[in-house]
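Below: one structure, written as structure tokens.
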There are 4 protein chains.
Amino acid sequence: MGNKSPEKNEMQLAILEQGGTQEKFVTGDLWIALELAAECKSAGYPGTLIPYRCDLSNEEDILSMFSAVRSQYSGVDICINNAGLARPDTLLSGSTSGWKDMFNVNVLALSICTREAYQSMKERNVDDGHIININSMSGHRVLPQSVAHFYSATKYAVTALTEGLRQELREAQTHIRATAWQSSSPERVLSVGQCISPGVVETQFAFKLFDKDPEKAAAAYEHMKCLKPEDVAEAVLYVLGTPPHVQIGDIQMRPTEQVT
Amino acid sequence: MGNKSPEKNEMQLAILEQGGTQEKFVTGDLWIALELAAECKSAGYPGTLIPYRCDLSNEEDILSMFSAVRSQYSGVDICINNAGLARPDTLLSGSTSGWKDMFNVNVLALSICTREAYQSMKERNVDDGHIININSMSGHRVLPQSVAHFYSATKYAVTALTEGLRQELREAQTHIRATAWQSSSPERVLSVGQCISPGVVETQFAFKLFDKDPEKAAAAYEHMKCLKPEDVAEAVLYVLGTPPHVQIGDIQMRPTEQVT
Amino acid sequence: MGNKSPEKNEMQLAILEQGGTQEKFVTGDLWIALELAAECKSAGYPGTLIPYRCDLSNEEDILSMFSAVRSQYSGVDICINNAGLARPDTLLSGSTSGWKDMFNVNVLALSICTREAYQSMKERNVDDGHIININSMSGHRVLPQSVAHFYSATKYAVTALTEGLRQELREAQTHIRATAWQSSSPERVLSVGQCISPGVVETQFAFKLFDKDPEKAAAAYEHMKCLKPEDVAEAVLYVLGTPPHVQIGDIQMRPTEQVT
Amino acid sequence: MGNKSPEKNEMQLAILEQGGTQEKFVTGDLWIALELAAECKSAGYPGTLIPYRCDLSNEEDILSMFSAVRSQYSGVDICINNAGLARPDTLLSGSTSGWKDMFNVNVLALSICTREAYQSMKERNVDDGHIININSMSGHRVLPQSVAHFYSATKYAVTALTEGLRQELREAQTHIRATAWQSSSPERVLSVGQCISPGVVETQFAFKLFDKDPEKAAAAYEHMKCLKPEDVAEAVLYVLGTPPHVQIGDIQMRPTEQVT
Ligand SMILES: NC(=O)c1ccc[n+]([C@@H]2O[C@H](COP(=O)([O-])OP(=O)(O)OC[C@H]3O[C@@H](n4cnc5c(N)ncnc54)[C@H](OP(=O)(O)O)[C@@H]3O)[C@@H](O)[C@H]2O)c1
Ligand SMILES: NC(=O)c1ccc[n+]([C@@H]2O[C@H](COP(=O)([O-])OP(=O)(O)OC[C@H]3O[C@@H](n4cnc5c(N)ncnc54)[C@H](OP(=O)(O)O)[C@@H]3O)[C@@H](O)[C@H]2O)c1
Ligand SMILES: NC(=O)c1ccc[n+]([C@@H]2O[C@H](COP(=O)([O-])OP(=O)(O)OC[C@H]3O[C@@H](n4cnc5c(N)ncnc54)[C@H](OP(=O)(O)O)[C@@H]3O)[C@@H](O)[C@H]2O)c1
Ligand SMILES: NC(=O)c1ccc[n+]([C@@H]2O[C@H](COP(=O)([O-])OP(=O)(O)OC[C@H]3O[C@@H](n4cnc5c(N)ncnc54)[C@H](OP(=O)(O)O)[C@@H]3O)[C@@H](O)[C@H]2O)c1
């Protein structure tokens, strides 16, 4: 998630998905930020990375983060809902708390950040913002892996939320156009409601899913050449780089060797 | 949800979805129960209806209901996850509490009841049980109605949960067969993982969605001849009446006049 | 497919899917007819079965069949598009002719019959007709079985055709209502656009798919208790038995033991 | 579709979708070729464009085109199945010939080209080829536009064919690996089975659909800022540019202003 001041072409990135210490930055989402920062730099802009600590399962934390971004950087222009997790709680015998953890980050935090990012864009008349959800192939088909079934349900919800968001924004535009929150150029509308649905990416994901069995986690990434966080970052950059009249609804991507 | 003693062919129905007073019985789920009870009666069985008060957004309430059913009727054989609600909280400006309410009943309570019903069946070696989710057409496509977008996301989750449940049970069978929880007849396996996806049904649903605007709610059912709760009940009875080797994955049904 | 005269409550069934000799009647579709005929009989109606020879891959044959039904029985009221086949032609090395065979019956004949049945209903102001497509679970997800990939593509097409048909009829009604092709009762509209999507059914299907390897074909039905044609017929009867305001969009059904 | 000689890094593009005169080149597919050619040039390769006349609704024409490419350029490395059309034949009253025309190009020609391109890659041990289907958003949801219903069915078929192709190739690899048709590097596998699903693109498409009503056709592109062929070409280039271990299954893209 970031704050891009369109006038000055500066990009200050504040990664919002950080739950813990600064070391925890070395996760998928950091890659997206790093690539964006590098891209900014190579394009001559003073892109910087501003880590922001925030527990996304706590709504107050999210709201104060958005407040801070607002007071310090005026607001949010690009929101990449990347944070997410799986817990190994099956449907037949899982614990309720594991299910709740997945819902709270994968669905609820994503929804709160989306709403806050949209409100931030709206109040500043930003009309070329982006809200990109990092969904999953598990948001499109249910694999026969019991430990991933509830996770898959949360990602199915993300599939619906992405399409719902796309629709609400089209509707809002129509309304907004009448009330003059609309730039001079008719093509400048918010390209929100986009998602990227990767298959297996080599990250900390499996190590958190199987937190009591690191060998099992490592094995998840060993039998094939997985996607790398950079590959997802490249897809995000492709989406961000499309012209304003192009809306990427979904990019489904997998390791070439992935069977399922 | 009910307790059917297969030996004695008795059916005592305990409607679990009741959150409030006895008047609240007059809802969709009651119809299913009434039809089941009537069917029992006409088939010569002493079917009765035992209302059970339980707030499904409270896990302890659910667990003590299952305890009560266990101690009084030995356990649950048929679980119809029918309770559900919509709140008018859009994605762009909805309240977090409205979103939580929908998740808590539509997804979490359904998941808890499913787990508890399965455990109840398993401990008594019931091998012809049913778990039927009342999903929605909104679990299959996102309508351009902002007030229903988050609701739709919860129903997308139900679509995934139904398929996940079907798969887990197939897997469990394989395992269970080895440990002798499997009846003599190979065809006697639990037909869980089924759902019914109705379009507009004339119930209290819209009156709870638009609780501040009863006229708007009434209007939702006026422009066409809607499904009736009995129609959904008939679909449930069709599912319950199929032989053990038949698994109905989903029945998608709409009012003939429904456009969307 | 049948001709039901609503006034006299007679049912004369003309099974349209017969490509060959009378022996070939012993296929899935016959079961639907037999069950309908039995049901008619037990309800006191003089239901009869009139086999009609017709090669569905030949448009002229279809059109003359509809002509014959028209001149002899006034027209068609219920159309069950059941005929279908799979050929073992994979995408990487299949023969073009195998692909064409599948398209011609599964998609094109179904579309022609649908159009002719609709026109027949329309010209006689039939407003409680049915057009039911026998789709497949392969119309909803692509299984990792190369020999079924092109077949699956034809059934995906059927999924779209069923939904398209539902929409066109809603649209036609609106128009027709204005031109007085609409009965007095607003609820009497054609319940077309319905489909049933079975998993594995024990029929001649696999024997035609693997026509050079009957053992392989037999094996397809041996490792589990499959659906029987009667189970599909029961689903058709359930659909036909719903009241006019109920539209069943899709029934997805599988053998309880089917994994995929 | 093109012939890329990996050794010499030369790219000779043969646009296969040309059915008529050279003027007809100014269509969507040409843009992809032009962009590829420009990209080649700017990367220092002698990319050229070799138009090839071929009626895709004629299998012999397709086969002789592949023969010609084989004898002149050794074979095909990248196959972009872009040719496609819609005819305004509805389900309730369309002509059979219109339906056939759509099937012949959108489904059958795509399948034949896919098979021939795969065989061409296989016989030359090409292991970084691409087969990209230009699908449509209409391959994912059925819009309430009667004139597009059969077209939508053909694109649903493309959705299934893309996934089927992905699976067959995974399977082929496994087998092929054992028989040594597999390069030294395990990551070098064919990235086939990819598709791009655009919403409305401003091309000749609508003018062919409504060939008797050019004003209606023009109107289809007037009420919003549509996708341009270049936007689809950019998506193709993004897909072609991903590293060998990345498989883009689908990119769904729409004009930002498109409602449906
Ligand atoms: N890896 C895969 O195979 C795969 C495949 C498809 C989709 N995805 C999706 O990709 C996204 C990123 O996952 P990943 O693979 O990069 O996994 P990861 O390495 O575990 O990273 C997950 C990120 O989410 C953050 N996060 C989790 N809970 C949080 C909370 N309560 N508050 C703040 N931050 C929190 C983590 O921060 P901390 O480290 O500080 O906890 C971490 O930065 C997720 O949405 C996931 O569902 C992953
Ligand atoms: N009506 C439609 O158009 C429609 C369409 C598709 C699907 N559905 C689904 O059909 C199902 C039944 O809905 P309905 O149309 O019959 O709506 P309804 O008339 O509002 O009935 C909902 C039922 O859920 C119960 N419930 C809600 N929250 C509860 C809680 N916390 N604890 C216990 N019970 C609770 C309600 O009990 P109280 O009355 O005591 O609160 C009521 O019995 C839902 O899953 C809904 O999503 C409805
Ligand atoms: N069996 C399964 O596992 C399964 C699963 C899902 C869906 N389905 C679907 O169920 C439907 C019925 O198939 P089935 O399983 O009953 O297979 P089946 O035993 O092979 O029956 C197919 C029927 O289609 C008829 N047919 C085929 N081509 C024809 C033509 N050109 N002209 C006239 N009739 C023709 C056959 O008639 P002749 O015998 O005279 O050729 C036969 O009556 C098909 O749409 C199939 O796709 C089957
Ligand atoms: N335009 C849209 O809104 C849109 C949206 C989604 C997807 N698409 C898809 O995009 C693809 C390209 O369509 P387009 O929009 O670029 O339409 P277009 O301008 O009409 O181009 C279609 C191309 O297909 C070729 N073609 C058609 N039939 C052929 C045949 N029998 N033999 C050889 N070539 C044939 C045409 O060649 P000739 O000109 O020589 O006939 C033309 O080059 C199609 O698959 C279409 O379904 C289009």
Side-chain angles (χ1 to χ4, degrees), chain A residues 59 62-63 89-97 99-100 102-104 106-112 114-119 121-122 131 138-172 192-193, chain B residues 59 62-63 89-97 99-100 102-104 106-112 114-119 121-122 131 138-172 192-193:
Chain A
E59 183 170 16
I62 303 179
L63 298 181
D89 293 283
T90 65
L91 303 185
L92 294 185
S93 57
S95 80
T96 308
S97 72
W99 296 336
K100 275 185 186 163
M102 287 184 257
F103 170 74
N104 281 336
N106 302 4
V107 180
L108 200 63
L110 175 146
S111 298
I112 296 170
T114 295
R115 181 189 67 206
E116 298 303 317
Y118 169 73
Q119 294 298 338
M121 294 175 200
K122 189 181 160 189
I131 297 176
S138 295
H140 300 286
R141 46 119 183 77
V142 180
L143 286 186
Q145 298 172 347
S146 305
V147 291
H149 283 160
F150 197 94
Y151 170 74
S152 196
T154 64
K155 292 296 192 179
Y156 265 65
V158 171
T159 298
L161 291 172
T162 306
E163 170 64 10
L165 179 58
R166 191 186 73 81
Q167 293 181 4
E168 286 193 31
L169 205 79
R170 285 296 80 67
E171 204 178 281
V192 305
Chain B
E59 184 170 15
I62 303 179
L63 297 181
D89 293 282
T90 65
L91 303 184
L92 293 185
S93 58
S95 80
T96 307
S97 72
W99 296 337
K100 276 185 186 165
M102 288 184 257
F103 170 74
N104 281 336
N106 301 4
V107 179
L108 200 63
L110 175 147
S111 297
I112 297 170
T114 295
R115 181 188 67 205
E116 297 303 315
Y118 169 73
Q119 295 297 339
M121 293 176 201
K122 187 180 162 190
I131 296 176
S138 295
H140 300 286
R141 46 114 184 81
V142 180
L143 286 186
Q145 299 172 345
S146 304
V147 291
H149 283 161
F150 197 94
Y151 170 74
S152 197
T154 64
K155 293 296 190 178
Y156 265 65
V158 171
T159 298
L161 291 172
T162 305
E163 171 63 10
L165 180 59
R166 192 186 74 80
Q167 293 181 4
E168 287 193 29
L169 205 79
R170 285 296 79 68
E171 203 178 282
V192 306

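In what follows, chains carry the letters A, B, and so on, assigned in the order in which the sequence lines appear, proteins first and then strands, with residues in each chain numbered from 1.
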If you compare all heavy atoms of [X] against all heavy atoms of [Y], which two are closest, and at what distance to 0.1 Å?
{"X": "B/Ala160", "Y": "A/Ala153", "result": "CB-CA, 3.7 Å"}
{"X": "B/Ser93", "Y": "A/Gln119", "result": "CB-NE2, 3.7 Å"}
{"X": "B/Leu92", "Y": "A/Leu165", "result": "CD2-CD1, 3.6 Å"}
{"X": "A/Ser111", "Y": "B/Phe150", "result": "OG-CE1, 3.6 Å"}

Is any side-chain heavy atom of [X] closer than 4.5 Å to a side-chain heavy atom of [Y]?
{"X": "B/Thr96", "Y": "A/Arg115", "answer": "yes"}
{"X": "B/Ile112", "Y": "A/Trp99", "answer": "yes"}
{"X": "A/Gln167", "Y": "B/Ser146", "answer": "no"}

Report the option among B/Leu143, B/Val158, B/Thr159 that has the most heavy-atom pairs separated by less than 4.5 Å from atoms of chain A.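 Most heavy-atom pairs within the cutoff with chain A belong to B/Leu143.
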Check whether A/Thr154 gets within reach of chain B through its side chain, its backbone, both or neither, counting any heavy atom under 4.5 Å.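 For A/Thr154, neither part sits under 4.5 Å from chain B.
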Plane angle bin for B/Phe103 and A/Phe103 - parallel if under 30°, tilted between 30 and 60°, otherwise perpendicular: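 It falls in the parallel class, under 30°.
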